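Worksheet: one structure, shown below.
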There are 2 protein chains.
Amino acid sequence: MSTSSEDLRSIALAEFATAGYAGTSLHRIADIAGLSKSTVLYHYSSKETLLEAAVAPAIDRMTQILEALEVRTLSAEGRLAFLSEFVDFLLEYRREVHMFINQGPSLVDVPVIDRANELVIRLAKFFAANTASVEEKMRFGIALGGAAYMLCTQDSLGFDNTPVEETRAALITILTGLLAPGAASASAATLTTANGI
Amino acid sequence: MSTSSEDLRSIALAEFATAGYAGTSLHRIADIAGLSKSTVLYHYSSKETLLEAAVAPAIDRMTQILEALEVRTLSAEGRLAFLSEFVDFLLEYRREVHMFINQGPSLVDVPVIDRANELVIRLAKFFAANTASVEEKMRFGIALGGAAYMLCTQDSLGFDNTPVEETRAALITILTGLLAPGAASASAATLTTANGI
DNA sequence: ACAGGCTCTGACCGATCGGTCAGCTAATTT
DNA sequence: AAATTAGCTGACCGATCGGTCAGAGCCTGT
């Protein structure tokens with residue numbers, strides 16, 4: 001894997017996430033990378049291949065997390081531990097998650113995006129089972145969509161130079177309060193400090 | 001304003017919100033409306049004009065809300081009353097808000113979207129003033145982005161046939177807890193019932 | 001020195017994009 | 001009845017889209 005390939009992958013991911021897949025041309029990606037459009041199609045045989053390469057790591061990681069999750073039963077502590085793991089996932093793959101969430105419906109014919117949509121549904125089923133109330137389902141949607149949006153808009157919200165540790169700790173606190181209202185703040189504080197923040 | 005004009009406006013809004021402005025062709029809008037592309041350009045002189053017509057009502061309403069907000073000072077009750085008003089705004093203009101939030105950065109050269117972006121910034125400044133902590137700014141981002149996402153994805157989250165009143169009451173409860181942690185649940189319940197739900 | 005990959009490029013292709021224009025039809029105005 | 005207007009359409013335009021292809025430059029192994 002050459003340097004150009006990795007450059008193109010990260011440039012494409014950033015552009016797809018902000019301008020949208022349809023709104024980003026191969027010419028633009030090539031320009032940013034300082035290459036020609038032909039070179040982009042040399043490294044990735046098509047625009048769709050480039051998209052798949054851009055989001056594949058996030059999908060693999062998400063699949064892995066979900067499989068481990070669906071095996072073990074979920075105690076109250078296990079739920080909080082999973083939340084901590086999921087926050088790390090969100091922090092690392094914020095742009096990919098933002099893409100899945102906001103462009104998933106319009107990219108249904110792309111196989112890799114279909115897999116992502118399926119993962120989101122599986123996650124939703126875990127967090128808000130069929131027996132869950134409407135409010136619980138809404139809480140899950142707000143947590144997922146809100147976190148992805150917020151993490152991709154830090155600059156516009158005015159805290160883009162915040163250290164990652166602080167963002168992580170605050171996000172765990174907020175999501176804990178959102179998804180487990182009631183027995184929230186105490187457990188969240190315990191979890192936050194337990195992870196060495 | 002003929003029937004076709006209004007049809008095209010609502011079709012365009014729905015398509016722009018789900019597939020993105022760049023990802024939606026005038027041909028597709030015309031097809032859905034059962035008209036020709038030429039007819040779309042007869043009613044709206046350009047694609048950008050159609051976008052402006054689609055989002056203008058939401059921008060006007062949001063401007064009106066913000067101006068009224070920035071005049072009066074904000075007591076604790078006033079803040080909750082505003083939240084109730086803002087939830088109504090979100091419910092009515094969910095697709096427009098979803099557009100502003102997710103496509104705002106990529107449509108900076110469109111004047112009407114610039115106005116929308118400016119409104120979001122003004123709203124952020126109200127909710128999380130410059131003195132606000134990072135966590136408070138994050139809470140605002142999650143609330144805004146999360147509510148817009150959740151309301152536009154009800155079907156995928158499995159509660160699309162929920163009556164509006166229930167959605168509204170739950171959203172007020174959730175957002176109150178998100179934006180005013182601590183003195184949340186009691187006030188939220190009071191506000192919810194006070195609005196006749 | 002030479003042969004063979006790797007990386008990269010410009011020229012070119014058909015399809016689709018947003019947009020223009022002349023003109024059709026049916027209703028309305030005078 | 002004649003003229004005008006609103007609503008709509010297909011043909012067409014230049015620009016840009018994703019994608020193909022032959023080949024140039026370069027580095028490595030023989």
Side-chain angles (χ1 to χ4, degrees), chain A residues 1-56 99 102-114, chain B residues 1-56 99 102-114:
Chain A
M1 185 69 68
S2 69
T3 306
S4 290
S5 282
E6 191 51 38
D7 282 355
L8 289 171
R9 199 198 77 92
S10 83
I11 291 173
L13 174 61
E15 291 300 305
F16 288 160
T18 59
Y21 178 71
T24 304
S25 67
L26 294 180
H27 183 96
R28 173 169 173 79
I29 294 174
D31 262 11
I32 296 177
L35 297 171
S36 74
K37 188 184 67 173
S38 299
T39 305
V40 178
L41 288 162
Y42 164 74
H43 288 284
Y44 301 94
S45 57
S46 71
K47 189 183 183 183
E48 190 173 317
T49 303
L50 179 53
L51 171 67
E52 290 173 2
V55 303
M99 273 200 64
N102 293 303
Q103 303 180 49
S106 65
L107 297 177
V108 281
D109 48 350
V110 182
V112 75
I113 300 292
D114 269 346
Chain B
M1 185 68 69
S2 68
T3 306
S4 292
S5 283
E6 191 51 37
D7 282 355
L8 289 171
R9 199 198 77 91
S10 84
I11 291 172
L13 174 61
E15 292 300 305
F16 288 161
T18 59
Y21 178 71
T24 304
S25 67
L26 294 180
H27 182 97
R28 172 168 172 79
I29 294 174
D31 262 12
I32 296 176
L35 298 171
S36 74
K37 189 183 66 173
S38 299
T39 306
V40 178
L41 288 162
Y42 164 74
H43 288 285
Y44 300 94
S45 58
S46 70
K47 189 183 183 184
E48 189 173 318
T49 303
L50 180 53
L51 171 67
E52 291 174 2
V55 302
M99 273 201 64
N102 293 303
Q103 303 180 49
S106 65
L107 297 177
V108 281
D109 50 348
V110 182
V112 76
I113 300 293
D114 269 347

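Predicted model only: the values in this text are computed from it and were never measured. These numbers come from the heavy atoms of this one structure, side chains and all, not from hydrogens, waters or symmetry mates. Reminder, nothing fancy here: chain letters follow the sequence lines and each chain counts from 1.
Remark: B/His43 is not in phosphate contact with D/dA6, judged by side-chain N or O atoms under 4.0 Å from OP1 or OP2. Checking the phosphate oxygens (OP1, OP2) of D/dC21, no side-chain nitrogen or oxygen of A/Ser38 falls inside 4.0 Å. Between D/dC8 and B/Thr39, no contact under 4.0 Å exists linking OP1 or OP2 to a side-chain N or O. Neither OP1 nor OP2 of D/dG18 sits under 4.0 Å from any side-chain N or O of A/Ser46. Regarding contacts with the backbone of C/dG19, every side-chain N or O of B/Ser45 stays at 4.0 angstrom or more from both OP1 and OP2. Taking 4.0 angstrom as the limit, B/Tyr42 places none of its side-chain polar atoms (N or O) nearer than this to OP1 or OP2 of D/dC8.
Side-chain contact between B/Ile113 and B/Val108: absent, with no pair of heavy atoms (C-beta onward) separated by less than 4.5 Å. A/Leu35 is not listed as a side-chain neighbour of A/Ile29, based on a closest heavy-atom distance of 4.5 Å or more. Residues A/Leu51 and A/Lys47 are not in side-chain contact: their nearest non-hydrogen atoms beyond the backbone lie 4.5 Å or more apart.
The distance between atom OH of B/Tyr44 and atom P of C/dG18, rounded to the nearest whole Å, is 16 Å. In this structure, B/Asp7 places its CG atom 13 Å from P of D/dG7, rounding to the nearest Å. For the pair A/His27 NE2 and C/dC13 P, the interatomic distance rounds to 20 Å; values are reported in whole Å. Atoms CD (A/Glu15) and P (D/dG18) sit 13 Å apart, rounded to a whole Å. Atoms CG (A/Leu8) and C1' (C/dC8) sit 12 Å apart, rounded to a whole Å. The CD1 atom of B/Ile29 sits 15 Å away from the C1' atom of C/dT16 (whole-angstrom rounding). The separation between B/Leu35 atom CG and D/dG10 atom P is 11 Å, rounded to whole Å.
B/Thr49 comes within contact range of no nucleotide atom at all, as no heavy-atom separation falls under 4.0 Å. Within the nucleic acid shown, B/Leu41 comes within 4.0 Å of at least one base atom, counting heavy atoms only. Contact annotation for A/Ser25: backbone-only contact, meaning every heavy-atom pair under 4.0 Å involves sugar-phosphate atoms and none involves a base.
Taking only distance into account, the side chain of A/Lys37 meets the base of D/dG19 through a donor-acceptor pair shorter than 3.5 Å.
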